[in-house]
Amino acid sequence: MASFAGVSTPFFPPLPSLRRTRRSLPSLKTFIPAPKLQAGFQQASSNKRPSFLRHGIGSTATYRNQARVVPTSVPVRVAHELLQAGHHYLDVRTVDEFNAGHATGAINIPYVLKVGSGVTRNPNFLVEVSSAFRKDDEIIIGCRSGKRSLMAAAELTSAGFTGITDIAGGYSAWVQNRLPTRQ
């Protein structure tokens, strides 16, 4: 029996210290399996484990485009107000879609191009946008439903454009809300 403050208590061995040093902690490598690489990521080494597992969680040694920026999306009514306030409207639909109808004042630079029965990403998209706009211009980006414009907005933001806003719902929502269009 051990005594504590003059009271006899049964003896229990001391509890292990909850404080551990960095060396005594198990490696994260034993707990986290190597993930498959996502599109847009590249691994520089032949080692199959990602760099953050080889070099530590804070390392970004061999990943490119790791921090993807998600652009701001706004409803079409807000986008219309932004357009009236002086923002530029970039329509990223195909030329045929644009010619069938577009928002008043929109500039068309397709994000994808029709090739045969399919589509492919426009290889000159960044060059064309850079020639039409400055990197600090306020630009709202729209397509038909919002998918292409979100991808284009993310690409432009990653390329250094600072005033990018995506139109949620795209041109379909624009027409549905009876906002001004041109043929």
Side-chain angles (χ1 to χ4, degrees), residues 35-44 50-52 57-183:
K36 294 180 182 175
L37 292 178
Q38 300 280 327
F41 293 118
Q42 294 181 350
Q43 207 166 353
S51 68
F52 69 88
I57 294 296
S59 174
T60 56
T62 59
Y63 281 99
R64 281 198 264 154
N65 302 326
Q66 186 169 0
R68 297 233 185 236
V69 179
V70 178
T72 304
S73 289
V74 296
V76 290
R77 293 256 178 220
V78 174
H80 182 250
E81 291 174 13
L82 292 173
L83 186 60
Q84 289 176 326
H87 285 57
H88 304 281
Y89 189 120
L90 173 61
D91 192 322
V92 295
R93 297 177 299 153
T94 63
V95 174
D96 292 339
E97 290 174 306
F98 183 80
N99 290 337
H102 56 271
T104 305
I107 297 170
N108 181 234
I109 300 175
Y111 184 69
V112 295
L113 301 171
K114 284 189 175 186
V115 177
S117 61
V119 294
T120 185
R121 189 187 158 283
N122 180 357
N124 300 319
F125 178 72
L126 279 176
V127 173
E128 291 176 28
V129 172
S130 295
S131 67
F133 302 104
R134 294 187 321 261
K135 292 213 176 203
D136 61 345
D137 281 346
E138 298 290 336
I139 306 168
I140 53 176
I141 302 178
C143 64
R144 182 177 46 91
S145 64
K147 274 188 173 180
R148 285 175 284 179
S149 64
L150 190 58
M151 291 187 294
E155 185 172 326
L156 291 173
T157 302
S158 295
F161 284 82
T162 56
I164 301 297
T165 304
D166 175 58
I167 301 173
Y171 184 70
S172 298
W174 189 276
V175 171
Q176 194 173 31
N177 281 272
R178 298 187 177 109
L179 296 172
T181 60
R182 294 191 111 173
Q183 294 293 335

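Residue numbers run from 1 in the order of the sequence given.
- Under the 3.5 Å distance criterion, the side-chain polar atoms of E97 are matched with a main-chain donor or acceptor of T94.
- Without hydrogens or angle criteria, D166 side chain to G142 main chain gives no donor-acceptor distance under 3.5 Å.
- Taken from CG in L82 to CZ in R77, the straight-line distance is 13.5 Å, to the nearest 0.5 Å.
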For this session: Under the salt bridge (charged side-chain N to carboxylate O under 4.0 Å, His left out) rule, what do E155 and R148 come out as? Steps first, then yes or no, please.
Result: CA-CA 11 Å; E155 185 172 326; R148 285 175 284 179; over 6 Å; no

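- Residues V78 and V76 are not in side-chain contact: their nearest non-hydrogen atoms beyond the backbone lie 4.5 Å or more apart.
- Scanning both residues, T104 and R182, for their nearest heavy atoms gives OG1-CG, 3.7 Å.
- At distances below 3.5 Å, at least one donor-acceptor pair connects side-chain atoms of N177 with backbone N or O atoms of A173.
- Applying side chain to side chain contact (heavy atoms under 4.5 Å, CB included) to V92 and the options V129, I141, N122 leaves one that passes, I141.
- Separating the CG atom in L156 from the CG atom in D137 is a distance of 11.5 Å, to the nearest 0.5 Å.
- Under a 3.5 Å cut-off, the side chain of S172 and the backbone N or O of R144 do form a donor-acceptor pair.
- Within 6.0 Å of the NZ atom in K147, the count of heavy atoms belonging to other residues, nucleotides or ligands does not exceed 12.
- Here the closest non-hydrogen pair linking F125 and P110 is CD1-O, 3.5 Å.
- From D136, atom CG reaches atom CZ of F161 across 9.5 Å, with rounding to the nearest 0.5 Å.
- Without hydrogens or angle criteria, K114 side chain to V95 main chain gives no donor-acceptor distance under 3.5 Å.
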Exercise. For L90 and I140, what are the C-alpha separation, side-chain angles and deciding distance, and is it a side chain to side chain contact (heavy atoms under 4.5 Å, CB included)?
Worked result: CA-CA 6 Å; L90 173 61; I140 53 176; over 6 Å; no

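- With rounding to the nearest 0.5 Å, the separation of OG in S73 from CD1 in I167 is 9.5 Å.
- Looking only at distances, a side-chain donor or acceptor of T162 sits under 3.5 Å from a matching main-chain atom of K135.
- Between the H88 side chain and the I139 main chain, no donor and acceptor come within less than 3.5 Å of each other.
- To the nearest 0.5 Å, the span separating SG on C143 from CZ on F98 amounts to 13.5 Å.
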Problem set entry | Steps toward side chain to side chain contact (heavy atoms under 4.5 Å, CB included) verdict (L113, V119) | CA-CA 5 Å; L113 301 171; V119 294; over 6 Å; no

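- Atom CG of N108 is separated from atom CG of D91 by 5.5 Å, given to the nearest 0.5 angstrom.
- With ring centers used as reference points, H102 lies 6.0 Å or more from Y171.
- Proximity of the aromatic rings of H80 and W174 is defined here by a centroid distance below 6.0 angstrom, and this criterion is met.
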